[in-house]
Protein chains: 2
Amino acid sequence: MSKQLVVLDTSTGACCEPLAEAALDAGQAETLAPMFKALGDPIRLRLLSMITSAQGGEACVCDLTPQFDVSGPTISHHLRVLREAGLIEGDRRGTWVWYRPMPAAMQALAAVLAVPAAAGT
Amino acid sequence: MSKQLVVLDTSTGACCEPLAEAALDAGQAETLAPMFKALGDPIRLRLLSMITSAQGGEACVCDLTPQFDVSGPTISHHLRVLREAGLIEGDRRGTWVWYRPMPAAMQALAAVLAVPAAAGT
DNA sequence: CCGCTGATTAGATATTCATCTAGACAGGAG
DNA sequence: CTCCTGTCTAGATGAATATCTAATCAGCGG
């Protein structure tokens with residue numbers, strides 16, 4: 001289910017193609033902006049980073065929470081924001097809840113940040 | 001004002017490296033989160049996209065403003081947020097002001113979104 | 001200098017957000 | 001069932017934000 005499209009144009013055989021040739025339209029911006037907004041908090045950025053780089057591709061809330069100076073409910077709130085933005089998903093497994101990244105969403109954001117190669121040159 | 005961080009390790013000279021192997025530390029998150037936050041508004045996202053994909057790698061405020069339904073000062077405010085986040089820079093040329101993207105900053109953000117390729121493997 | 005156009009700054013306001021405490025819900029152990 | 005631990009929800013509050021109008025600054029042409 002989490003098999004996802006690769007937005008890269010590999011026809012030339014090179015990676016890092018200039019993906020952002022055309023400007024986003026209003027609808028795309030309305031879709032993508034909430035995802036970027038979700039990353040606009042240091043705690044959420046670290047949470048996503050921890051989840052994404054975790055062994056096995058997922059992380060337990062019980063391992064995430066103690067790494068921050070804020071209360072448990074605050075971490076829960078931030079995880080919910082990331083989840084509602086479509087950047088992560090989670091499920092309870094017995095006592096603990098585990099979260100995984102959603103690669104397609106992250107790739108969609110990365111694509112927006114691809115600067116046309118000829119920008120400066 | 002405009003500080004010039006480069007959070008990327010480009011020492012290998014190769015592109016598309018798996019940059020997000022390790023989780024961000026608190027300091028990196030504090031640096032990067034304001035940049036993501038700046039992109040967390042549809043108008044700013046479109047502004048950056050327009051500037052980035054503009055002919056010649058820069059765009060005039062006079063061409064950007066009419067494409068939105070908000071007032072001139074509001075566009076000016078959003079451009080300032082993008083500028084203070086280090087994502088764009090601008091200068092006045094006679095009557096008009098032109099903005100350009102800052103590719104290093106955008107690449108730093110894209111690197112955070114690189115999902116470790118071996119996540120599932 | 002005076003007026004005109006483009007862009008930014010200043011101040012006001014209504015909304016959104018991050019955080020907390022208190023309480024509820026889920027699941028396992030005795 | 002009862003207790004305990006882990007996680008989430010609810011409600012409150014102070015701070016940050018997006019937007020506007022009015023005013024200011026920068027440059028150009030008479």
Side-chain angles (χ1 to χ4, degrees), chain A residues 24 26 29-51 54 58-100, chain B residues 1-2 24 26 29-51 54 58-100:
Chain A
L24 297 171
E30 294 283 346
T31 299
L32 293 168
M35 300 185 190
F36 280 113
K37 181 186 276 187
L39 297 179
D41 180 280
I43 291 179
R44 287 197 293 267
L45 196 51
R46 285 177 66 198
L47 283 170
L48 180 65
S49 177
M50 287 168 167
I51 293 167
E58 57 185 6
C60 175
V61 174
C62 58
D63 291 328
L64 298 171
T65 304
Q67 306 208 36
F68 297 89
D69 288 333
V70 298
S71 67
T74 297
I75 295 297
S76 191
H77 159 74
H78 286 305
L79 287 169
R80 193 216 304 236
V81 172
L82 288 171
R83 178 162 23 92
E84 291 180 345
L87 291 165
I88 61 175
E89 64 178 354
D91 63 294
R92 178 179 288 270
R93 240 168 268 164
T95 305
W96 295 282
V97 176
W98 296 79
Y99 281 98
R100 293 171 295 289
Chain B
M1 290 200 182
S2 53
L24 297 171
E30 293 284 346
T31 300
L32 294 167
M35 301 186 190
F36 281 112
K37 181 187 275 187
L39 297 180
D41 181 280
I43 292 179
R44 286 198 294 268
L45 198 51
R46 284 178 66 198
L47 282 170
L48 180 65
S49 177
M50 288 169 166
I51 293 167
E58 57 185 7
C60 175
V61 174
C62 59
D63 291 328
L64 298 172
T65 303
Q67 307 208 37
F68 297 88
D69 289 334
V70 297
S71 66
T74 296
I75 295 297
S76 192
H77 158 72
H78 285 305
L79 287 169
R80 181 186 353 204
V81 172
L82 288 171
R83 177 162 25 91
E84 291 181 344
L87 290 165
I88 61 174
E89 65 178 353
D91 63 293
R92 180 178 286 270
R93 241 168 267 165
T95 306
W96 295 283
V97 175
W98 296 79
Y99 281 97
R100 295 173 291 293

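Throughout, a chain's letter reflects where its sequence line sits, starting with A, and its residues are numbered from 1.
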- Comparing nearest nucleotides in DNA chain D, the 5'-proximal residue of the pair Asp41(B), Gly94(B) is Asp41(B)

- Message: When you measure from the side chain of Arg92(B) to the backbone of Thr95(B), do you find a donor-acceptor pair of N or O atoms at a distance under 3.5 Å?
- Response: yes

- With sequence neighbours excluded, tell me which residues meet side-chain hydrogen bond (donor to acceptor under 3.5 Å, both in side chains) with Thr74(A). Ser71(A)

- Message: Going by side-chain hydrogen bond (donor to acceptor under 3.5 Å, both in side chains), name the residues that satisfy it together with His78(A), two or more places apart in sequence or in a different chain.
- Response: Arg44(A)

- Item | Inter-axis angle, terminal five-pair segments of the helix from dC1(C)-dG30(D) to dG30(C)-dC1(D) [nearest 10°] | 20°

- Protein-nucleotide distance (Ile43(B), atom CD1; dA18(D), atom C1'), rounded to Å: 8 Å

- Applying salt bridge (charged side-chain N to carboxylate O under 4.0 Å, His left out) to Asp69(A) and not counting sequence neighbours gives none

- Note on the structure: Arg46(B) atom CZ is separated from dA18(D) atom P, nearest whole Å, by 16 Å

- Whole Å only: how far is the CG atom of Asp91(B) from the P atom of dA7(C)? 12 Å

- Item | Atom pair CH2/CG of Trp96(A) and Asp63(A) - distance to nearest 0.5 Å | 10.0 Å

- Query: Would you say the side-chain atoms of Thr65(B) pair up with the backbone N or O of Val61(B), donor to acceptor, closer than 3.5 Å?
  - Reply: yes

- Intermediate values then yes/no, salt bridge (charged side-chain N to carboxylate O under 4.0 Å, His left out), Glu58(A) and Arg93(A): CA-CA 12 Å; Glu58(A) 57 185 6; Arg93(A) 240 168 268 164; 3.0 Å; yes

- Please determine, for the side chain of Ser71(A), which listed nucleotide (dT16(C), dC20(C), dT19(C)) has the closest atom? dC20(C)

- Message: From CD of Glu84(A) over to P of dT16(C), roughly how many Å is that when rounded to an integer?
- Response: 15 Å

- Message: Taking 4.0 Å as the cut-off, does a side-chain nitrogen or oxygen of Lys37(A) come that near to OP1 or OP2 on dT17(D)?
- Response: no

- Task: Can you check each nucleotide of nucleotides 3-12 of chain D against protein heavy atoms at under 4.0 Å and return B for base, S for sugar-phosphate only, - for none, in 5' to 3' order?
- Result: ---BSBB---

- Note on the structure: Those residues at least two apart in sequence (or on a different chain) that pass salt bridge (charged side-chain N to carboxylate O under 4.0 Å, His left out) with Glu89(B) are Arg100(B)

- Indicate whether OP1 or OP2 belonging to dA18(C) is found under 4.0 Å from a side-chain N or O atom of Thr74(A). no

- Task: Measure the CZ-CD1 distance between Arg80(A) and Ile88(A) for me, rounded to the nearest 0.5 Å.
- Result: 12.0 Å

- Look at all strands and tell whether Arg93(A) reaches a base, only sugar-phosphate, or nothing, counting heavy atoms closer than 4.0 Å. nothing

